[in-house]
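See structure below.
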Amino acid sequence: VQLQASGGGLVQAGGSLRLSCAASGRTFSSYFKGWFRRPPGKEREFVAAFSWNGYSTYYADFVKGRFTISRDNAKNTVYLQMNSLKPEDTAVYYCAAGSVSYYRREDDYDYWGQGTLVTVSS
């Protein structure tokens with residue numbers, strides 16, 4: 001599976017962006033999918049994920065109510081809709097997929113996109 005993240009850019013605080021993660025490989029639909037981010041000078045952290053069947057979704061507390069993870073199986077694409085963006089959301093965002101035991105654990109994800117930079121200005 002290869003993942004290609006896109007959609008990052010510069011946005012003002014309070015604005016919105018939608019990140020996309022396009023996947024190749026027929027088995028993508030059977031994997032857990034997630035988004036992580038690495039703020040400047042910090043460790044990579046969990047943002048959002050959903051189970052392989054899409055029935056369960058998970059969010060980090062700091063994005064609940066603002067970000068939404070979704071998918072389009074026909075396009076083999078996962079999205080992260082980000083609303084009410086804050087300067088502290090500035091980070092490189094990564095999409096990931098894998099046979100996950102614990103959705104917050106990076107090591108559980110087998111496949112990673114290259115990252116897309118989101119910059120939120122105040």
Side-chain angles (χ1 to χ4, degrees):
V1 175
Q2 291 185 323
L3 305 179
Q4 180 74 34
S6 62
L10 175 63
V11 63
Q12 288 188 331
S16 298
L17 279 175
R18 188 178 77 160
L19 305 183
S20 299
C21 178
S24 62
R26 294 189 297 175
T27 59
F28 181 65
S29 62
S30 65
Y31 289 129
F32 239 85
K33 292 94 174 164
W35 286 95
F36 288 74
R37 70 185 188 185
R38 187 191 301 275
K42 296 184 180 181
E43 298 291 317
R44 190 156 58 184
E45 59 189 5
F46 168 77
V47 175
F50 59 74
S51 57
W52 68 271
N53 56 14
Y55 289 167
S56 299
T57 55
Y58 310 92
Y59 295 95
D61 286 344
F62 53 76
V63 303
K64 281 182 180 177
R66 299 190 298 125
F67 291 10
T68 303
I69 188 171
S70 63
R71 64 179 181 174
D72 184 332
N73 285 338
K75 295 182 178 180
N76 246 10
T77 301
V78 175
Y79 303 100
L80 185 68
Q81 178 66 43
M82 306 186 295
N83 299 327
S84 302
L85 283 162
K86 305 175 182 180
E88 51 263 44
D89 293 318
T90 295
V92 177
Y93 284 73
Y94 300 88
C95 59
S99 303
V100 171
S101 297
Y102 181 44
Y103 60 88
R104 289 181 177 270
R105 188 161 52 212
E106 290 184 42
D107 290 347
D108 279 19
Y109 291 82
D110 304 298
Y111 307 100
W112 290 85
Q114 85 286 4
T116 184
L117 176 62
V118 172
T119 303
V120 184
S121 63
S122 57

task: Would you please test Glu106 and Tyr94 for side-chain contact (heavy atoms from CB on, under 4.5 Å) and show each step?
output: CA-CA 11 Å; Glu106 290 184 42; Tyr94 300 88; over 6 Å; no
field: CA sep, side-chain torsions, deciding dist, call: Tyr109, Tyr103, side-chain contact (heavy atoms from CB on, under 4.5 Å)
entry: CA-CA 8 Å; Tyr109 291 82; Tyr103 60 88; 3.8 Å; yes
message: What verdict does the side-chain contact (heavy atoms from CB on, under 4.5 Å) test give for Cys95 and Lys33, after you've listed the backbone C-alpha separation in whole Å, the side-chain angles of each residue and the deciding distance to 0.1 Å?
response: CA-CA 7 Å; Cys95 59; Lys33 292 94 174 164; over 6 Å; no
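Heavy atoms of other residues, nucleotides or ligands lying less than 6.0 angstrom from CD of Gln2 number 12 at most.
For Leu3 against Cys21, the heavy-atom pair with the smallest separation is CB-SG, 3.9 Å. Pairing each heavy atom of Asn53 with each of Tyr55, the nearest pair is OD1-N, 3.0 Å. Closest approach of Tyr31 and Ala97 over heavy atoms only: CB-CB, 4.1 Å. Across Phe36 and Arg44, no two heavy atoms sit closer than the pair CB-CG, 3.8 Å.
The CD atom of Gln12 lies 9.5 Å from the OG atom of Ser122; values are rounded to the nearest 0.5 Å. The distance from the CZ atom of Phe50 to the OG atom of Ser70 is 7.0 Å, given to the nearest 0.5 Å. A distance of 9.0 Å separates OG in Ser101 from CZ in Phe32, rounded to the nearest 0.5 Å.
Between the side chain of Thr90 and the backbone N or O of Val120, at least one donor-acceptor pair lies under 3.5 Å. The closest donor-acceptor contact from the side chain of Asn76 to the backbone of Ser24 lies at 3.5 Å or more, if one exists at all.
You'll find the ring centres of Tyr58 and Phe46 outside the 6.0 Å limit.
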Ignoring hydrogens and angles, write down the donor-acceptor pairs under 3.5 Å from the side chains of residues 61-69, residues two or more places apart or on other chains.
from  : atom 1 : to    : atom 2 : distance (Å)
Asp61 : OD1    : Lys64 : NZ     : 3.3
Arg66 : NH1    : Ser84 : O      : 2.9
Arg66 : NH1    : Asp89 : OD2    : 2.7
Arg66 : NH2    : Phe62 : O      : 2.8
Arg66 : NH2    : Asp89 : OD1    : 3.1
Arg66 : NH2    : Asp89 : OD2    : 3.4

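Applying the side-chain hydrogen bond (donor to acceptor under 3.5 Å, both in side chains) test to Glu45 and every residue at least two apart in sequence or in another chain returns Arg37. For Gln114, the side-chain contact (heavy atoms from CB on, under 4.5 Å) criterion is met by Gln4, Ala5, not counting sequence neighbours.
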